[in-house]
Trainee: 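Once you've had a glance at the structure underneath, I'll fire off some questions.
Keep in mind that the numbers below use all heavy atoms, side chains included, and drop hydrogens, waters and symmetry copies.
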Amino acid sequence: MRKEGAVLQLNDKVAIDESSYATIAEAVVSEKGAGGGRVLKSTLKLLSMSKLRSIYGLITNVYTRVSSPDDLGQNISDLQYIKVKMAYESGRDSSAKDFISKAGLMHLLDQIKTYDQFILYCRYAESLVAYFKFYGGKE
């Protein structure tokens, strides 16, 4: 049974929790468009959906092995490996670097100490992918 109350600090002003992760993910990938509606942020238009899926795949690879707090303890080193792979992708592709930085994906990994925080991180990452696609991220 999961406890309520997991929090990850995106920055000094924004905390991600179970009631805000989707809203924050939407804000990370979208901005107000000319007509008042929301559109994909111009800084993310160069990021391809396949690159985003590869970044998300790093996270889901660990997620599939973690179904309990004990599992997280056994796979905690994999969180650091995700961070290394994100650094590599950031070095190869400036649009990936911009996305990873704006979304705080590497920064948030360092904060994961509990199973609930890990699940929150995974839901936030999934929300980023969903909103990226929703707002027209390129294939």
Side-chain angles (χ1 to χ4, degrees):
M1 178 177 219
R2 293 181 0 90
K3 294 179 186 174
E4 299 298 319
V7 175
L8 296 170
Q9 200 68 36
L10 185 61
N11 57 44
D12 292 340
K13 297 179 181 176
V14 179
I16 299 170
D17 62 27
E18 290 183 358
S19 67
S20 67
Y21 68 87
T23 303
I24 293 168
E26 182 179 21
V28 166
V29 300
S30 70
E31 62 190 0
K32 291 216 183 224
R38 296 191 77 76
V39 296
L40 186 66
K41 282 189 176 171
S42 58
T43 56
L44 298 179
K45 289 189 179 184
L46 295 176
L47 181 65
S48 69
M49 192 68 199
S50 61
K51 179 62 72 176
L52 183 56
R53 280 192 200 108
S54 102
I55 293 167
Y56 181 58
L58 299 170
I59 298 164
T60 59
N61 186 26
V62 177
Y63 178 76
T64 59
R65 295 191 309 267
V66 176
S67 59
S68 73
D70 290 339
D71 293 339
L72 179 63
Q74 294 170 0
N75 292 281
I76 200 77
S77 68
D78 291 336
L79 300 182
Q80 290 300 300
Y81 185 67
I82 291 171
K83 191 173 175 182
V84 168
K85 293 293 282 183
M86 285 184 186
Y88 176 74
E89 288 298 330
S90 293
R92 292 186 65 217
D93 183 335
S94 63
S95 63
K97 181 178 184 175
D98 191 42
F99 174 76
I100 289 168
S101 175
K102 284 184 182 354
L105 290 173
M106 290 173 63
H107 166 71
L108 293 171
L109 278 169
D110 290 334
Q111 297 177 42
I112 298 173
K113 305 291 185 233
T114 68
Y115 176 72
D116 291 332
Q117 288 175 320
F118 175 70
I119 296 300
L120 179 61
Y121 180 85
C122 293
R123 288 181 179 173
Y124 171 65
E126 183 178 9
S127 298
L128 290 165
V129 174
Y131 281 112
F132 182 84
K133 183 68 176 171
F134 181 77
Y135 287 111
K138 71 174 187 165
E139 285 297 323

Trainee: What about Val84 and Leu79, same hydrophobic cluster or not, with Ile/Leu/Val/Met/Phe/Trp/Tyr joined at side-chain heavy-atom distances under 4.5 Å?
Mentor: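 In one cluster: no.
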Trainee: With clusters defined by side-chain heavy atoms of hydrophobic residues (ILVMFWY) lying less than 4.5 Å apart, directly or transitively, does Tyr88 cluster with Ile100?
Mentor: no
Trainee: How many angstroms lie between atom OH of Tyr121 and atom CD1 of Ile82, to the nearest 0.5 angstrom?
Mentor: 6.0 Å
Trainee: Are Met86 and Ile76 co-members of a hydrophobic cluster defined by side-chain heavy atoms under 4.5 Å apart?
Mentor: yes
Trainee: Does the side chain of Asp93 pick up a donor-acceptor pair with the side chain of Ser95 at under 3.5 Å?
Mentor: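 Note: Asp93 and Ser95 side chains meet the donor-acceptor criterion.
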Trainee: Answer whether the closest heavy-atom distance between the side chains of Gln80 and Asp110 falls below 4.5 Å.
Mentor: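 Yes, at least one pair of side-chain atoms sits under 4.5 Å.
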Trainee: Would you indicate whether the side-chain heavy atoms of Val7 and Gln111 approach each other to under 4.5 Å?
Mentor: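 The answer is no; the side chains never approach within 4.5 Å.
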Trainee: Quick check: does any side chain N or O of Asp78 sit under 3.5 Å from a backbone N or O of Tyr81, one acting as donor and the other as acceptor?
Mentor: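 No.
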Trainee: Rounded to the nearest 0.5 Å, how far apart are CD1 of Ile59 and CD of Glu126?
Mentor: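 These two atoms lie 10.5 Å from each other.
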Trainee: Working to the nearest 0.5 Å, report the span between CD1 of Ile55 and OG of Ser90.
Mentor: 7.0 Å
Trainee: Specify whether Tyr131 and Phe134 have parallel, tilted or perpendicular ring planes, treating 30° as the upper limit for parallel and 60° as the lower limit for perpendicular.
Mentor: perpendicular
Trainee: State, with a plain yes or no, whether a side-chain heavy atom of Leu105 is found less than 4.5 Å away from one of Phe99.
Mentor: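 Yes, close enough: below the 4.5 Å cut-off.
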Trainee: Under a 3.5 Å cutoff, is there a donor and acceptor pairing between the side chains of Asp17 and Ser19?
Mentor: yes
Trainee: How close do Tyr135 and Leu40 get, counting heavy atoms only, and between which atoms?
Mentor: O-CB, 3.3 Å
Trainee: Which atom names give the shortest non-hydrogen contact between Ala15 and Ile24, and what distance separates them?
Mentor: O-CD1, 3.5 Å
Trainee: So, for Arg38 and Glu26, which heavy atoms are closest and what is the spacing to 0.1 Å?
Mentor: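 Scanning both residues completely, I find the closest heavy atoms to be CD-OE2, 3.9 Å.
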Trainee: Distance-only, no hydrogens or angles: does the Ser127 side chain make a donor-acceptor pair with backbone N or O of Arg123 under 3.5 Å?
Mentor: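 Such a contact is found between Ser127 side chain and Arg123 backbone.
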Trainee: What is the distance from atom CG of Leu46 to atom OG of Ser94, rounded to the nearest 0.5 Å?
Mentor: 7.0 Å
Trainee: Should Arg53 and Thr60 be marked as a side-chain contact (heavy atoms from CB on, under 4.5 Å) after you check the CA-CA gap, both sets of side-chain angles, and the distance that decides it?
Mentor: CA-CA 10 Å; Arg53 280 192 200 108; Thr60 59; over 6 Å; no
Trainee: Consider only side-chain heavy atoms of I, L, V, M, F, W and Y, link residues closer than 4.5 Å, and tell whether Val28 and Val39 are in one cluster.
Mentor: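 Per the 4.5 Å side-chain linkage, Val28 and Val39 are not co-clustered.
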Trainee: Return the minimal non-hydrogen interatomic distance between Leu108 and Gln9, and the atom names on each side.
Mentor: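 Smallest interatomic distance, heavy atoms only, reads CD2-O, 3.6 Å.
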Trainee: Are the side chain of Thr64 and the backbone N or O of Asn61 linked by a donor-acceptor pair below 3.5 Å?
Mentor: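 Pair found, side chain donor or acceptor close to backbone of Asn61.
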Trainee: For residues Asp98 and Leu47, determine if any side-chain heavy atom of one lies less than 4.5 Å from a side-chain heavy atom of the other.
Mentor: no
Trainee: Of all the heavy-atom pairs spanning Ala27 and Lys41, show the shortest one and how long it is.
Mentor: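 The answer is O-NZ, 3.1 Å.
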Trainee: Rounded at 0.5 Å granularity, tell me how far CD in Gln117 sits from OH in Tyr124.
Mentor: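 Between atom CD of Gln117 and atom OH of Tyr124 there are 15.0 Å.
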Trainee: Per the side chain to side chain contact (heavy atoms under 4.5 Å, CB included) rule, which among Leu72, Asn75, Asp71 passes with Arg65?
Mentor: Asn75
Trainee: Rounded to the nearest 0.5 Å, how far does NZ of Lys45 lie from CZ of Phe132?
Mentor: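 One finds 10.5 Å between CZ of Phe132 and NZ of Lys45.
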Trainee: Surrounding OH of Tyr63 (heavy atoms of other residues, nucleotides or ligands, distance under 6.0 Å), is the total greater than 12?
Mentor: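 No - once you tally the heavy atoms of other residues, nucleotides and ligands closer than 6.0 Å, there are 12 at most.
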Trainee: Before accepting this row, confirm whether a basic side-chain N of the pair Glu89/Lys51 lies closer than 4.0 Å to the acidic partner's carboxylate O.
Mentor: yes
Trainee: So Tyr21 and Leu8, do their side chains get closer than 4.5 Å, heavy atoms only?
Mentor: no
